[in-house]
Student: 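Take a look at the following structure, please.
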Amino acid sequence: MSLSGLVIGTYLAVLLVLAVYGLHRTALISMYYRNRHRRPRPAGRFSELPAVTVQLPLYNEMYVVERLLDAVAGIRYPRDRFQIQVLDDSTDETQEICKRKIADLGARFPELDIQYVHRTDRTGFKAGALHHGLETAKGEFIMIFDADFVPTADILERCIDSFTDPKVAVVQCRWEHVNRNYSSLTELQALMLDGHFIMEHAGRNWSGRFFNFNGTAGVWRRSAIADAGDWQHDTLTEDMDLSYRAQLRGWKFVYLPEIAAPAELPVEMSAFKSQQFRWAKGSVQVAKKLLGTILRSGATWEQKTEAFFHLTNNLAYPLLLVLSLLLLPNLALRTHHGWREVLMIDFPLFFGTTLSVASFYLASQREIALLRDPNAKPRFQWRVLARLPLVMSIGIGLCVNQTRAVLEALAGKETEFVRTPKHGIGASDSSWWSKKYRSAKSVTPFIELGMAAYFVVAIAVAFDHGHYLSLPFLGLFLCGFGYVGWVSLWQGGIGIAMRRMFAGLAGHRGSSVVVPPAYVPPVINVRRKAVTGEIILAEAPALRAPETSV
């Protein structure tokens, strides 16, 4: 086979596999709509409510822990059957903040049972903390919240009756987002998570397939945890691992999308990438650990097939990176690119990899709108449609980061559980630049910007060869790598250095500083002066001096 044939053949083979994974999203949409009538309903009501322990695993969460504790203390449930466990592995000020807040809550609510558990040895990370907490937990059921969640007062009373069925092991609630509209980055994350929590979770659960507990905003039956082998920390996604082990043991899972648990989305690109890295690596680790067992089990063919797609989904990222590298030589070598070839090959594969993803997110936003207001008239989501190119672009831009995660998992490289920095940020608060917690720096942004430059060349070649129909596809890759790489660099150092420079200048002159529009970071909310329209960074304390410009 010639080099040209090898390149083009590999390109089409990779695109075909990616199209299969893309079309799987269409299958999830079908599963959702075909099984909407099978939404789970409680088998009955408890005549006497069971004891519940709420576990709050923490590690250096100084900005959000008080908000979390206030919200959890406000959950409605009989106080004689309600325990809160603060499982704190922190090494910073979080310890003292927790102790002060617990003392304050104890004084205000003497009947509240709050246990503070501090470990100096982080063995097992989150899984280890949860396992350690079970040793002194009083509840028959265990509710778990990560530090960035703000649970509503009625969340537990709306969940608990699902456990009247003795085979139910887990009730999972849907995530909502307190800072959804904070920036373009948080809005894109919200769209991606909404798709997961509507089409994926509901489609799988209501059709009888396996789905996973998300590590937070849910309730476990304690006996099911023990029966499935307890929390284990040999993967980075201990929640997914335990979920599949429990379902293989015959336990039922229940998903209730109508119950929303608000939480904070990462506002830093590097934090978002770190979170995605952990989820991708963990899911591949679970696939290595359990996929063979699942395929050999007595599960149905439908359950095995869906488990395969679910656990191997992140393998698409290395293929996407290979596809990215092959696009330029493919464009250069395919000199004959007529309409017939486009209709027979390119369009079907483009649909599988792109248009199926668009329909997935449009459908999920329509269903979320109906969950928020069942009587609302369904409307076409024009705003979502406008955001879809960015959603697809950011998925492409993540492939360097995610490929590293997948390869580390396949190679068996062990890494510690890296928490996602949380800053206690809502929709209008933009003060995270001065916060203590930051994600680790890496060389990945430079590789991503290098890929963006590569696609500038690819677009030029496409123009030169007359491949005009390929330009939108290439544009997605250019925007994705450019956006992810540049924002990572800006937030990781360049933007901070410039902010310090301008803040120092403001302090030296004793006045506010007008920042030229070219210096405004692409994902930070800004405000404009009412008279001049000049852009000012709203969150910098030094910039709130008298309204005079340098």
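Every value quoted in this text rests on a predicted model; they were computed, and no experiment measured them.
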Student: Can you list every ring-ring contact (aromatic ring centres under 6.0 Å, His included) pair that touches residues 68-122, not counting sequence neighbours?
Tutor: none
Student: Decide, yes or no, whether a salt bridge links Asp230 with Arg245 under the criterion of side-chain N to carboxylate O below 4.0 Å.
Tutor: no
Student: Quick one: do Phe272 and Glu268 satisfy side-chain contact (heavy atoms from CB on, under 4.5 Å)? Show the steps, please.
Tutor: CA-CA 6 Å; Phe272 170 58; Glu268 295 177 80; over 6 Å; no
Student: Are Glu187 and Arg387 close enough for a salt bridge, meaning some N to O gap below 4.0 Å?
Tutor: yes
Student: Under 3.5 Å, is there a donor-acceptor pair between the side chain of Gln491 and the main chain of Met269?
Tutor: yes
Student: When rounded to the nearest 0.5 angstrom, what is the spacing between CZ in Arg119 and OG1 in Thr91?
Tutor: 12.5 Å
Student: Decide side-chain contact (heavy atoms from CB on, under 4.5 Å) for Leu193 and His177; before the verdict, give the C-alpha distance in whole Å, the side-chain angles of both, and the deciding distance to 0.1 Å.
Tutor: CA-CA 9 Å; Leu193 284 170; His177 322 291; 3.9 Å; yes
Student: Looking only at heavy atoms, which two atoms of Ile144 and Gly215 are closest? And how far apart?
Tutor: CG2-O, 3.5 Å
Student: For side chain to side chain donor-acceptor pair (under 3.5 Å), just list the numbers for Ser184 and Tyr483, CA-CA rounded to whole Å, side-chain angles, deciding distance to a tenth of an Å, and then say yes or no.
Tutor: CA-CA 11 Å; Ser184 58; Tyr483 178 76; 3.2 Å; yes
Student: Backbone N or O of Ala280 within a donor-acceptor pair of the Gln402 side chain at under 3.5 Å?
Tutor: no
Student: Going by the angle between their ring planes, with limits at 30° and 60°, are Phe163 and Phe141 parallel, tilted or perpendicular?
Tutor: tilted
Student: How many angstroms lie between atom CD of Gln276 and atom CG of Asn314, to the nearest 0.5 angstrom?
Tutor: 8.5 Å
Student: From Gln83 CD over to Ile142 CD1, what is the distance, rounded to the nearest 0.5 angstrom?
Tutor: 8.0 Å
Student: Between Glu176 and Asp194, is a side-chain contact (heavy atoms from CB on, under 4.5 Å) present by the stated rule, with each step listed?
Tutor: CA-CA 8 Å; Glu176 260 295 351; Asp194 288 346; 5.6 Å; no
Student: To the nearest 0.5 Å, what is the distance between NZ on Lys281 and CG on Asn401?
Tutor: 12.0 Å
Student: Using every non-hydrogen atom in the two residues, find where Leu185 and Pro266 come nearest and quote the distance to one decimal.
Tutor: CD2-O, 4.4 Å
Student: Output all residues satisfying salt bridge (Lys or Arg N to Asp or Glu O under 4.0 Å) with Glu200, sequence neighbours left out; order by chain, then residue number.
Tutor: Arg204
Student: Tell me the closest heavy-atom pair linking Ala43 and Thr164, and the distance in Å.
Tutor: N-OG1, 3.5 Å
Student: Would one find more than 12 heavy atoms of other residues, nucleotides or ligands at under 6.0 Å from atom CZ of Arg249?
Tutor: no
Student: Output yes when Arg222 and Glu140 qualify as a salt bridge under the 4.0 Å nitrogen-oxygen rule, no when they do not.
Tutor: no
Student: Can you list everything that forms a side-chain contact (heavy atoms from CB on, under 4.5 Å) with Glu414? Sequence neighbours excluded, please.
Tutor: none
Student: Counting only heavy atoms not in Arg45, do more than 12 fall under 6.0 Å of its CZ?
Tutor: no
Student: Does Arg174 qualify as a cation-pi partner of Phe197, given the criterion of NZ or CZ under 6.0 Å from the six-membered ring centre and within 45 degrees of its axis?
Tutor: no
Student: Report the residues that fulfil side-chain contact (heavy atoms from CB on, under 4.5 Å) with Ser243, sequence neighbours left out, ordered by chain and then residue number.
Tutor: Asn212, Phe213, Trp220, Gln247, Phe253
Student: Is there a donor-acceptor pair under 3.5 Å between the side chain of Ser270 and the backbone N or O of Ser488?
Tutor: no
Student: Is it true that Asp104 and Arg108 make a salt bridge, defined as a side-chain N closer than 4.0 Å to a carboxylate O?
Tutor: yes
Student: Are Arg122 and Tyr59 in a cation-pi contact, defined as NZ or CZ under 6.0 Å from the six-membered ring centre and within 45° of the axis?
Tutor: yes
Student: Checking Gln95 side chain against Ser90 main chain: does a donor-acceptor pair fall under 3.5 Å?
Tutor: yes
Student: Please test Arg180 against Glu264 for salt bridge (Lys or Arg N to Asp or Glu O under 4.0 Å), starting from the C-alpha separation and ending with a verdict.
Tutor: CA-CA 8 Å; Arg180 182 190 197 98; Glu264 178 184 325; over 6 Å; no
Student: Look only at the side chain of Ser393 and the backbone of Leu390, and say whether a donor-acceptor pair between them is shorter than 3.5 Å.
Tutor: no
Student: Looking at Cys173 and Ile259, what are the two nearest heavy atoms and their distance?
Tutor: CB-O, 3.3 Å
Student: Can a donor-acceptor pair be found, under 3.5 Å and without considering hydrogens, that links the side chain of Arg221 to the backbone of Val168?
Tutor: yes
Student: Any ion pair linking Asp113 and Lys138 (charged N to carboxylate O, less than 4.0 Å)?
Tutor: yes
Student: Which residues pass the side-chain contact (heavy atoms from CB on, under 4.5 Å) test with Val117, not counting sequence neighbours?
Tutor: Leu87, Gln115, His132
Student: Between atom CD of Glu61 and atom CG of Leu56, what is the distance when rounded to the nearest 0.5 Å?
Tutor: 11.0 Å
Student: Distance-only, no hydrogens or angles: does the Asn179 side chain make a donor-acceptor pair with backbone N or O of Thr186 under 3.5 Å?
Tutor: no
Student: Please say whether more than 12 non-hydrogen atoms of neighbouring residues, nucleotides or ligands are located less than 6.0 Å from NE2 in His131.
Tutor: no
Student: Between Leu311 and Ala287, which heavy-atom pair has the shortest distance, and what is it?
Tutor: O-CB, 3.6 Å
Student: Go through the steps to decide whether Trp175 and Asn214 satisfy the test side chain to side chain donor-acceptor pair (under 3.5 Å), and finish with yes or no.
Tutor: CA-CA 9 Å; Trp175 294 6; Asn214 287 102; 5.0 Å; no
Student: Can you tell me how far the CE atom of Met31 sits from the CE atom of Met199, to the nearest 0.5 Å?
Tutor: 11.5 Å
Student: Would you check, one step at a time, whether the test side-chain contact (heavy atoms from CB on, under 4.5 Å) holds for Gln303 with Ile294?
Tutor: CA-CA 9 Å; Gln303 289 172 331; Ile294 294 169; over 6 Å; no
Student: Which pair of non-hydrogen atoms, one from Ser283 and one from Thr237, has the smallest distance, and what is that distance?
Tutor: N-OG1, 3.6 Å
Student: What orientation do Phe210 and Tyr244 show, parallel under 30°, tilted 30 to 60°, or perpendicular over 60°?
Tutor: perpendicular
Student: Could you tell me whether a side-chain N or O of Asp89 sits under 3.5 Å from a main-chain N or O of Leu58, the two making a donor and an acceptor?
Tutor: no
Student: Where the side chain of Ser207 meets the backbone of Gly203, is there a donor-acceptor pair that is under 3.5 Å apart?
Tutor: yes
Student: Over 60° means perpendicular and under 30° means parallel, so classify the ring planes of Tyr255 and His201, tilted if in between.
Tutor: perpendicular
Student: Using the rule given for side chain to side chain donor-acceptor pair (under 3.5 Å), can you reason through His24 versus Asn313, listing the C-alpha separation, both sets of side-chain angles and the distance that settles it, and then say yes or no?
Tutor: CA-CA 10 Å; His24 172 249; Asn313 183 61; 5.6 Å; no
Student: Before accepting this row, confirm whether a basic side-chain N of the pair Lys101/Glu96 lies closer than 4.0 Å to the acidic partner's carboxylate O.
Tutor: no
Student: Taking Gln232 for its side chain and Gly229 for its backbone only, find out whether a donor-acceptor pair lies under 3.5 Å.
Tutor: yes
Student: Going by the rule side-chain contact (heavy atoms from CB on, under 4.5 Å), which residues pair with Asp146 if we only count those two or more places apart in sequence or in a different chain?
Tutor: Pro57, Lys126, Asp148, Phe149, Thr216
Student: Determine, stepwise, if the pair Glu367 / Tyr33 fulfils side chain to side chain donor-acceptor pair (under 3.5 Å).
Tutor: CA-CA 10 Å; Glu367 294 305 309; Tyr33 283 110; 2.9 Å; yes
